[in-house]
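Worksheet for the structure shown next.
Heavy atoms only: backbone and side chains are in, while hydrogens, waters and symmetry mates are out.
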Amino acid sequence: MDGGRGGKRVIHIGLPELSEEQLIDIGELAQETIIKEVFDALNRSDVKDIEVTMRINREDTLNLEVEVYLEVPIFLKVDVDELIEKAVEKAYEAVESKLREIAYERQNQAQTLS
């Protein structure tokens, strides 16, 4: 039997107006951060399968839905759920930082135009 587990989390971003390019960048940033966190904690040979899925929903606010599936051998002593949670939390922090950067750039652009 394998130690495969997954976790899903919705990140409510709250910025309704981002370009397609910015949306893609944010999704890629979150995905890359999660993968990096997993491979910082585990050897590549210990990971049988990893899937990171991002869905961005535009409603009243912007929602980033992150789904992670991680499969490791059953004999590996690792709390997969905790590892996924930590990786998603790091991704959330990275996305939040990127959004602050975007907001700062917009504020500077607005001040320059006025």
Please report the C-alpha distance between Tyr69 and Glu71 in whole Å, then the side-chain angles of each, then the deciding distance to 0.1 Å, and finally whether the side chain to side chain donor-acceptor pair (under 3.5 Å) criterion is met. CA-CA 7 Å; Tyr69 174 78; Glu71 185 177 343; 3.1 Å; yes
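- Side-chain contact between Leu18 and Ile56 is absent, with no heavy-atom pair separated by less than 4.5 Å.
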For the pair Leu83 and Val72, evaluate side-chain contact (heavy atoms from CB on, under 4.5 Å) and give the outcome as yes or no after the intermediate values. CA-CA 12 Å; Leu83 178 56; Val72 298; over 6 Å; no
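- Using a distance-only test at 3.5 Å, with no hydrogens or angles considered, a donor-acceptor pair links the side chain of Gln31 to the main chain of Val52.
- Contact check for Val66 versus Met54: side-chain heavy atoms found under the 4.5 Å cut-off.
- In this structure the side chain of Val68 never reaches within 4.5 angstrom of the side chain of Val38, judged on heavy atoms.
- Taking all atoms of both residues into account, the shortest heavy-atom contact from Ile35 to Ile50 is CG1-CD1, 4.4 Å.
- The minimum heavy-atom distance linking Ala30 with Ala91 is given by the pair O-CB, 3.6 Å.
- Once rounded to the nearest 0.5 Å, the distance linking CD of Glu32 with CG of Asp25 reads 9.5 Å.
- You'll find the side chain of Val78 stays beyond 4.5 Å of the side chain of Asp46, heavy atoms only.
- The shortest heavy-atom contact between Ala87 and Glu37 is CB-CB, 3.7 Å.
- At least one donor-acceptor pair closer than 3.5 Å links the side chain of Thr33 to the backbone N or O of Leu29.
- Under the 4.5 Å side-chain criterion, counting only non-hydrogen atoms from C-beta, Arg100 is in contact with Glu96.
- Checking Glu89, Glu82, Lys90 one by one against Lys86, the side-chain contact (heavy atoms from CB on, under 4.5 Å) holds for a single residue, Glu82.
- Hydrophobic clustering of Ile, Leu, Val, Met, Phe, Trp and Tyr side chains at less than 4.5 Å, counting indirect connections, keeps Leu99 apart from Ile24.
- At most 12 non-hydrogen atoms from other residues, nucleotides or ligands lie less than 6.0 angstrom from CD of Glu21.
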